[in-house]
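Below: the structure, in structure tokens.
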Amino acid sequence: MSRNHPPPQSARVAVAGRDASAVSGKGEPLVEVAGLFKRYGAITAVDGVDLTVRRGEVYGFLGPNGAGKTTTLRILTGLIAPSSGSVRVLGGLPGDPRVLARTGSLIEAPACYPYLSGRNNLRVLARHAGAPATRVDRVLETVDLTGRAGDRFATYSLGMKQRLGVAAALLKDPELVILDEPTNGLDPAGMRDMRRLVRELGTGDRTVLLSSHLLGEVQQICDRVGILSAGRMVAECDVEELRGEQGLLVTADPVDRAREHLAGLLGPGAVGEHEGALRVRVAPERAPEISRMLVAAGVDLFGIRIDERALEDVFFELTSEKETSDVR
Amino acid sequence: MFGSYAAELLKLRNRGAVWVLGGAGLALSLTFGYLLPYLGYVTGDANPQTQGVTPEQVLAGVLPEAVVANTIGGFAIFAGALALVLGALVVGGEYGWGTLKTLLTQRPGRLTVLGAQLLALATVLAGWVLAIFAACALAGMGIALIEDAPMTWPAAADLATGLAGGWLVLVTWGLAGALLATLFRGVALPIGLGVVWILGVETLLAGVVASVLPDLQVVADALPGVNAGSLVYAVTQAAPGQLPPGVTDAVTGTRAVLTLLCYAAVFIAVTAVTLRRRDVA
């Protein structure tokens with residue numbers, strides 16, 4: 001992994017500053033978490049997490065397995081109590097019936113009654129939630145399960161169970177939807193459908209908090225991300241901001257002469273190396289100018305393309321930094 | 001609360017185990033309350049239900065007048081055990097399937113969900129009592145018609161008292177099952193422990209106390225099974241010589257009712273406190 005691109009400054013500010021208001025977002029904060037800890041004896045599952053989710057955004061909650069994502073989401077839904085820290089969801093406390101009435105969630109694997117049909121499972125939950133019975137068929141349609149709604153849950157495939165879990169989360173037509181790894185165990189087509197569904201959920205005023213360890217998924221769907229590693233939030237900002245500014249990746253020969261000319265044009269700090277190519281910090285629109293300059297200087301140019309860091313790069317950079325510092 | 005109660009009833013109505021357990025209670029009541037005694041009467045053979053009893057007494061015991069005794073005579077032991085199993089299933093199933101987290105992330109609070117579950121449990125147990133009573137009444141009527149015997153029914157007040165007493169016995173055991181399921185977060189262990197307690201431990205304790213430690217009789221008389229048996233005894237007016245298993249005259253009916261109510265209250269309170277305080281994984 002390259003160390004040429006440091007994590008963007010904004011990400012570091014969010015990590016160090018813990019200033020939720022400084023993080024860009026669409027609307028008012030719906031989820032506000034500050035200094036959250038959850039300890040199980042000697043084990044600290046959540047280690048001082050700060051988190052802000054704003055109205056109308058799709059927030060990606062990223063982290064490797066065991067990072068503390070599900071524990072944090074369980075706290076947000078009132079299933080477990082924090083050891084310390086402040087948590088506000090929709091202006092209230094987690095688990096408060098008034099908050100739950102406006103929140104839909106799918107935490108970890110979908111859990112339903114195996115002896116009941118999909119429709120009856122939703123009827124049970126709708127009655128508990130005080131949701132109108134008409135919502136049952138509506139959400140079944142939304143997740144494309146109407147055709148199998150009369151079958152027992154035990155006979156469903158994993159993908160169908162996940163979709164029923166999402167349907168259950170939507171029963172109350174909630175303002176805030178919390179989905180914990182909803183594409184887990186799905187085949188590629190199921191994952192694509194689920195991503196489309198999550199993206200649709202996030203349109204309009206509805207807010208989605210999506211936990212995942214699939215970086216491509218988050219990059220495609222989310223407006224903002226928080227990255228959790230070993231129980232700590234290591235970054236929180238816009239996806240684009242986190243990926244940092246774009247540049248160019250130049251493959252040329254001789255590489256030393258190319259570097260010399262590029263440094264002369266853009267300054268020595270703008271040129272780095274990445275797997276045999278030159279990584280150049282410059283606006284991608286200047287690619288034609290740079291290729292003309294290199295050719296004129298007698299450099300053989302094999303390739304020049306936009307250097308766009310994937311979220312994956314940033315993720316590994318941040319989480320490995322955390323692991324390294326823990327080892328130290 | 002009403003929505004949650006309706007939801008819990010929907011679950012129980014569609015759950016096969018509820019019907020199987022209810023059916024087992026019904027079959028056992030009819031078998032030991034009517035079939036075996038009546039066969040003994042008809043054939044003249046002795047069986048555990050008819051030993052030491054005259055044929056006239058056997059016939060009287062299966063006629064409509066004895067319907068209360070036959071309905072709830074077995075509640076102290078076997079129907080109580082079935083109720084405990086049902087209570088464990090109603091609450092413990094949520095842990096086994098992981099559905100507790102699904103329920104608790106809907107609208108109602110934890111205590112509302114628990115209240116709805118326990119209310120639904122009590123409703124199903126009331127259904128059991130009524131179903132067993134109806135089956136016993138039909139069996140008694142049938143035998144009375146066949147034997148051309150008088151179709152005399154107990155007084156309405158006795159009927160109501162008997163059925164209510166039987167229901168209290170079942171509810172107490174059902175709540176015990178719910179408590180064990182909450183404490184152990186599952187179904188298997190609570191059922192095992194509860195059934196062993198009802199069928200074995202209490203009888204053993206009572207026997208040991210009676211024979212070896214008479215000073216501890218006051219403790220034995222406070223056990224739930226003893227009070228369940230005493231309540232059944234009080235409301236069925238059973239003759240001392242023909243007491244069904246578990247039925248005893250150890251304490252008065254009033255004391256048995258109060259003790260069972262205390263147990264029920266304690267079971268509910270401990271279940272509620274445990275559910276409210278504990279993290280849901």
Side-chain angles (χ1 to χ4, degrees), chain A residues 38 40 45 70-71 73-83 89 93-117 119-133 152-154 164-165 168-169 171-172 174 177-178 180, chain B residues 1-21 86 89-120 123-124 182 185-187 272-281:
Chain A
K38 180 64 183 178
Y40 296 99
T70 299
T71 304
L73 297 185
R74 284 181 190 279
I75 292 171
L76 293 183
T77 49
L79 291 174
I80 61 179
S83 301
V89 180
L93 293 173
D96 184 318
R98 287 164 299 186
V99 171
L100 290 175
R102 297 158 63 197
T103 309
S105 58
L106 168 60
I107 305 295
E108 247 177 349
C112 293
Y113 301 97
Y115 59 90
L116 290 180
S117 66
R119 179 175 280 114
N120 273 343
N121 264 293
L122 293 180
R123 280 183 180 148
V124 166
L125 298 179
R127 287 178 185 182
H128 272 292
R152 287 169 58 220
F153 179 75
L164 190 70
L171 269 175
K172 292 170 275 187
V177 180
I178 298 175
D180 187 9
Chain B
M1 177 69 168
F2 181 76
S4 293
Y5 172 62
E8 292 302 316
L9 284 184
L10 174 61
K11 276 161 52 183
L12 294 181
R13 206 168 56 231
N14 285 280
R15 192 164 178 181
V18 174
W19 293 97
V20 170
L21 288 171
L86 180 68
L89 287 176
V90 166
V91 172
E94 307 290 354
Y95 292 95
W97 294 315
T99 43
L100 187 59
K101 72 177 180 195
T102 310
L103 288 187
L104 297 183
T105 50
Q106 304 307 313
R107 190 178 204 152
R110 293 185 179 201
L111 296 187
T112 305
V113 170
L114 177 67
Q117 285 179 329
L118 299 185
L119 208 54
T123 305
V124 169
T182 303
R185 295 186 245 217
V187 172
V273 169
T274 307
L275 179 69
R276 191 180 163 83
R277 292 176 61 92
R278 211 156 51 182
D279 284 350
V280 177

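All values reported here derive from a predicted model rather than from experimental measurement. We use all heavy atoms of the structure for the numbers below, so side chains are in, but hydrogens, waters and symmetry mates are not. So you know, we letter chains A, B, ... as the sequences are listed, proteins then strands, and number each from 1.
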Worksheet entry | Per-residue contact mode, B:Arg110 against chain A (heavy atom under 4.5 angstrom) | side chain
Worksheet, complete the sentence: Closest heavy-atom pair, A:Pro97 versus B:Gly109, reported as atoms and distance to 0.1 Å, is CG-N, 4.0 Å
Worksheet item: If we only count heavy atoms from C-beta on, is the B:Gln106 to A:Arg127 side-chain gap below 4.5 Å?
Response: no
Fill in: Option passing side chain to side chain contact (heavy atoms under 4.5 Å, CB included) with A:Thr77 (candidates B:Val280, B:Thr105, B:Leu104)
B:Thr105
Practice prompt. Can you spot which of A:Ile107, A:Leu125, A:Val124 makes a side chain to side chain contact (heavy atoms under 4.5 Å, CB included) with B:Thr102?
Written response: A:Leu125
Practice prompt. Would you give the length of the straight line joining atom CG of A:Asn121 to atom NZ of B:Lys11, rounded to the nearest 0.5 angstrom?
Written response: 9.5 Å
Worksheet, complete the sentence: Okay, A:Asn120 and chain B: the region with an atom under 4.5 Å from a heavy atom over there is both
Worksheet, complete the sentence: Looking only at heavy atoms, the pair that brings A:Ala111 and B:Lys101 closest together is CB-CE, 4.0 Å
Worksheet item: Which atom pair, heavy atoms only, marks the closest approach of B:Arg107 to A:Ala129?
Response: CD-O, 3.2 Å
Item to complete: Mind telling me whether B:Trp97 and A:Tyr115 have parallel, tilted or perpendicular rings, with 30° and 60° as the class edges?
Response: tilted
Response to the item:
Answer key: most heavy-atom pairs under 4.5 Å with chain B among A:Ser105, A:Pro114, A:Ala168 is A:Pro114
Fill in: Interatomic spacing from CZ in B:Arg13 to CG in A:Leu116 - rounded to 0.5 Å
10.0 Å
Worksheet entry | More than 12 heavy atoms from other groups under 6.0 Å of CZ on B:Arg278 | yes
Worksheet item: If you measure from CG on B:Asp279 to NZ on A:Lys38, what distance do you get to the nearest 0.5 Å?
Response: 4.0 Å
